[in-house]
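No experiment lies behind these values; they were computed from the predicted model shown. A note on names: the letters A, B, ... follow the listed sequences, proteins ahead of strands, and every chain is numbered from 1.
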Number of protein chains: 4
Amino acid sequence: MAASTTPDRSRRSERSRVAILTATRDLIGEVGYAKLTIEAIAARAGVGKQTIYRWWPSKGAVVFDSLLALSERPDGGGIELPDTGDIDADLKAVLRATAAEFSDPGFEAPIRALNTEIINDPELAAVYREKMERPIREAKLRRLRGAREAGQLAADADLDLLADMLYAPLTQRWLLRSGPLDDDFADALVDAALRAFRP
Amino acid sequence: MAASTTPDRSRRSERSRVAILTATRDLIGEVGYAKLTIEAIAARAGVGKQTIYRWWPSKGAVVFDSLLALSERPDGGGIELPDTGDIDADLKAVLRATAAEFSDPGFEAPIRALNTEIINDPELAAVYREKMERPIREAKLRRLRGAREAGQLAADADLDLLADMLYAPLTQRWLLRSGPLDDDFADALVDAALRAFRP
Amino acid sequence: MAASTTPDRSRRSERSRVAILTATRDLIGEVGYAKLTIEAIAARAGVGKQTIYRWWPSKGAVVFDSLLALSERPDGGGIELPDTGDIDADLKAVLRATAAEFSDPGFEAPIRALNTEIINDPELAAVYREKMERPIREAKLRRLRGAREAGQLAADADLDLLADMLYAPLTQRWLLRSGPLDDDFADALVDAALRAFRP
Amino acid sequence: MAASTTPDRSRRSERSRVAILTATRDLIGEVGYAKLTIEAIAARAGVGKQTIYRWWPSKGAVVFDSLLALSERPDGGGIELPDTGDIDADLKAVLRATAAEFSDPGFEAPIRALNTEIINDPELAAVYREKMERPIREAKLRRLRGAREAGQLAADADLDLLADMLYAPLTQRWLLRSGPLDDDFADALVDAALRAFRP
DNA sequence: TCCTAACCGAGACGGTACGTCCAGTCTTCGT
DNA sequence: ACGAAGACTGGACGTACCGTCTCGGTTAGGA
């Protein structure tokens with residue numbers, strides 16, 4: 001998985017791997033990321049500590065993998081944003097949904113945990129961008145590119161920048177709890193961002 | 001200060017308080033936030049551990065106060081953004097400076113440490129917003145209000161939103177290391193944001 | 001008192017002295033000697049810690065004084081053993097009473113505490129012998145001398161040794177809990193000891 | 001050993017056990033029992049504190065085991081008192097030797113430490129009696145029984161009581177430092193005790 | 001089919017830091 | 001000015017985890 005190095009993967013016990021990842025996710029929800037310990041994960045998973053240290057280089061890597069497993073599409077299909085042809089409505093729907101997800105207590109703890117790891121561990125951050133952020137970002141860019149081609153955005157619009165201006169304020173507000181994540185905020189954000197890049 | 005609760009402040013030793021804050025700041029720079037320990041702070045400050053536990057509720061609170069002391073203006077004066085009359089040039093200068101500050105290795109470690117704390121501790125986050133973010137944000141809003149009054153921004157521009165769209169992408173990119181923090185990025189950001197709110 | 005050195009006794013607060021001694025005795029009974037702390041004594045006595053440190057050199061000295069106060073005769077009179085003329089009966093009565101006192105839970109804890117101090121602190125041991133043991137020992141010797149003069153003991157009987165042989169086995173058995181402290185034991189002890197020193 | 005409880009002894013490191021016991025004995029000699037700390041023992045033994053807490057319930061238990069190790073006969077043979085056929089001379093020799101041992105500075109500190117523990121900890125006292133005192137006491141009783149069978153003591157002599165009357169005064173005097181432990185005292189003790197139990 | 005090497009659960013190990021308690025000293029404040 | 005109150009430095013406490021290291025037991029492949 002993701003951040004793990006690989007000493008003869010063939011003998012690895014799938015049973016243990018899954019138990020560890022599940023225990024990790026459960027414990028983050030129960031005691032929070034700050035109080036998560038390798039020892040507790042091992043105990044909960046019914047696994048020796050060494051089995052964790054054998055396959056993951058750090059607590060952060062275990063946490064990361066446990067959340068990665070969550071976000072992976074079992075059907076192998078990619079992520080796709082809705083496309084009704086109306087970029088304004090589509091983006092508002094997506095941002096409202098994202099805001100709602102941030103408020104879901106089942107997601108909040110793990111995602112904060114993940115961010116804590118990523119902020120302080122550049123290596124993990126790279127894996128995160130590659131495995132978790134990129135698929136989502138590419139879906140966003142695909143949708144925006146479609147809008148640009150349909151003439152709803154300026155022909156020379158910097159779509160990367162547009163994506164940043166749409167999502168960063170939302171994420172920031174959630175991370176620092178600096179304001180409410182309601183529909184009005186999502187809508188205003190979309191309106192302003194599209195205004196900046198309209199044809 | 002700030003995050004400390006207050007059991008009869010009058011008897012408190014100013015000497016110890018300053019030594020603790022200084023030691024904390026030094027140690028974050030030397031060993032990083034993750035390896036910062038209360039014991040090391042106490043030893044470096046020449047202080048009993050109890051003196052730290054007496055006045056701060058958590059390691060995060062100490063770290064916070066130590067950084068707060070850094071950001072406080074000793075002259076009591078407020079923070080002010082440059083105002084040449086040209087909002088576009090002024091904002092580009094400020095965002096370029098902010099980007100440069102993020103890249104300064106002397107600032108990077110402490111600010112990442114601070115963010116780690118804030119993400120996971122709502123109480124600390126509230127104090128942070130009040131003591132550290134608010135003065136800066138108000139300075140930004142003052143400058144933007146000036147521009148709006150000068151007719152450089154739409155009369156109905158939502159300045160709060162504008163501020164978010166200017167700064168959040170910068171902060172986000174730095175926090176997650178998702179791209180370079182160069183002048184081009186700062187300039188593009190200002191251009192796009194102003195485009196969204198021009199008269 | 002006793003083990004205390006004497007910095008200008010005249011100014012000393014009798015009120016505090018008594019409160020400290022009382023608190024000490026109470027606490028030994030409540031939490032045991034091992035868990036007795038100066039801080040607890042000061043708090044219970046409503047006294048600053050300094051007031052204790054000013055007048056006593058060690059915790060042992062406070063404990064000692066607190067118990068000394070217990071054993072002192074307020075009327076100033078000396079201790080006297082019963083004298084019915086029958087040395088055998090008198091000694092048996094005294095040893096039975098001593099054994100009973102050792103079994104009294106109200107006495108047991110403090111006396112064990114006292115012994116613990118004395119065993120490890122020669123200075124305290126000297127004060128103990130002088131202030132607490134001597135009066136009792138002299139009473140014993142007086143009674144034995146009477147018996148010797150009455151011809152109930154050998155004329156050349158070593159009364160010090162006799163006293164030791166009477167009391168040491170009792171004390172020892174109590175201290176190490178090596179056997180029951182019943183009347184039979186007391187009686188057998190007296191019988192044997194008197195046998196060794198009869199005329 | 002002795003005072004230790006037993007969580008799966010099989011995995012226990014003999015190396016650490018011995019190092020801890022040795023360090024304890026050394027430190028009692030160097031800094032005294034009162035200033036003996038678990039932390040110092042661990043450091044001296046090159047051992048984690050947890051390894052001590054894992055196998056011993058209290059500081060007293062460690063001290064106890066460390067002294068028990070001292071007193072154990074590696075050859076597995078029992079202790080035997082000298083038997084020249086002359087009970088008077090034999091006892092005097094043994095009591096003189098005991099007195100000398102009490103005066104040996106190398107023994108004094110540990111044995112006082114041991115007594116301090118035993119006085120205040122009934123559980124430890126029981127183990128002490130079983131493991132350390134009983135073998136010695138039985139050797140004494142064997143020798144006395146021999147003397148009784150040889151007609152040197154009364155046929156109905158209470159040998160337990162005799163043993164107490166021989167040793168308790170000696171131990172008492174040493175513990176409380178209430179008098180010199182010289183040969184004269186030993187001899188007088190034997191003379192008086194035997195007088196009480198002669199045929 | 002058996003051998004053997006890697007994996008496994010378990011948990012002891014040497015350590016580091018925790019947060020608490022108390023010792024003994026020093027400082028402040030109210031009476 | 002004295003003494004209660006209590007903050008101070010210092011250091012040990014007993015606990016929690018770290019990451020490493022055996023220990024037997026199990027399991028999967030190659031001989």
Checklist outcome for this item: In 5'-to-3' order, the base (B), backbone-only (S) or no-contact (-) status of each nucleotide in nucleotides 18-31 of chain F, using a 4.0 angstrom heavy-atom cut-off, is BBBB-B--------
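Nucleotide E:dG14 holds its P atom 14 Å from the CD1 atom of D:I41, rounded to whole Å. Rounded to an integer number of Å, the gap from C:E14 CD to F:dG3 P is 13 Å. We find that CG of D:L27 is positioned 14 Å from C1' of F:dA12, with the value rounded to whole Å. With rounding to whole Å, C:W56 atom CH2 is found 16 Å from E:dG24 atom C1'. D:I20 has its CD1 atom 11 Å from the C1' atom of E:dG14, to the nearest Å. To the nearest angstrom, C1' of E:dT20 lies 14 Å from CD1 of B:I52.
Of the two residues near DNA chain E, B:K35 and C:K35, the one whose nearest nucleotide lies more 5' is B:K35. If you find the closest nucleotide of DNA chain E to D:G48 and to A:G46, the one lying nearer the 5' end belongs to A:G46.
Residue A:R54 places at least one side-chain N or O closer than 4.0 Å to OP1 or OP2 of E:dC8. Between B:T51 and the phosphate of F:dT9, there is a side-chain N or O to OP1/OP2 separation shorter than 4.0 Å. Using a 4.0 Å cut-off, some side-chain N or O of A:W55 falls inside it from OP1 or OP2 of E:dC8. Residue A:S16 has no polar side-chain atom (N or O) positioned under 4.0 Å from OP1 or OP2 of E:dC7.
Between A:T37 and A:V31, every side-chain heavy-atom pair lies at or beyond the 4.5 Å cut-off. A 4.5 Å side-chain heavy-atom check between C:I111 and C:N115 finds at least one atom pair inside the cut-off. Using a 4.5 Å heavy-atom cutoff, the side chains of A:M132 and A:L114 are in contact. In this structure, the side chains of C:P110 and C:R25 stay at 4.5 Å or more apart for every pair of heavy atoms.
Surrounding CD of A:E108 are more than 12 heavy atoms belonging to other residues, nucleotides or ligands, all under 6.0 Å away.
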Name every donor-acceptor pair, under 3.5 Å, that has one atom in a side chain of residues 42-51 of chain C and the other anywhere in the protein, sequence neighbours excluded.
residue	atom	partner	partner atom	Å
C:R44	NH1	C:E30	OE2	3.2
C:R44	NH2	C:E30	OE1	2.7
C:K49	NZ	C:E39	OE2	2.8

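Both tests pass for A:R12 against the ring of A:W56: distance under 6.0 Å to the centre and angle within 45° of the axis.
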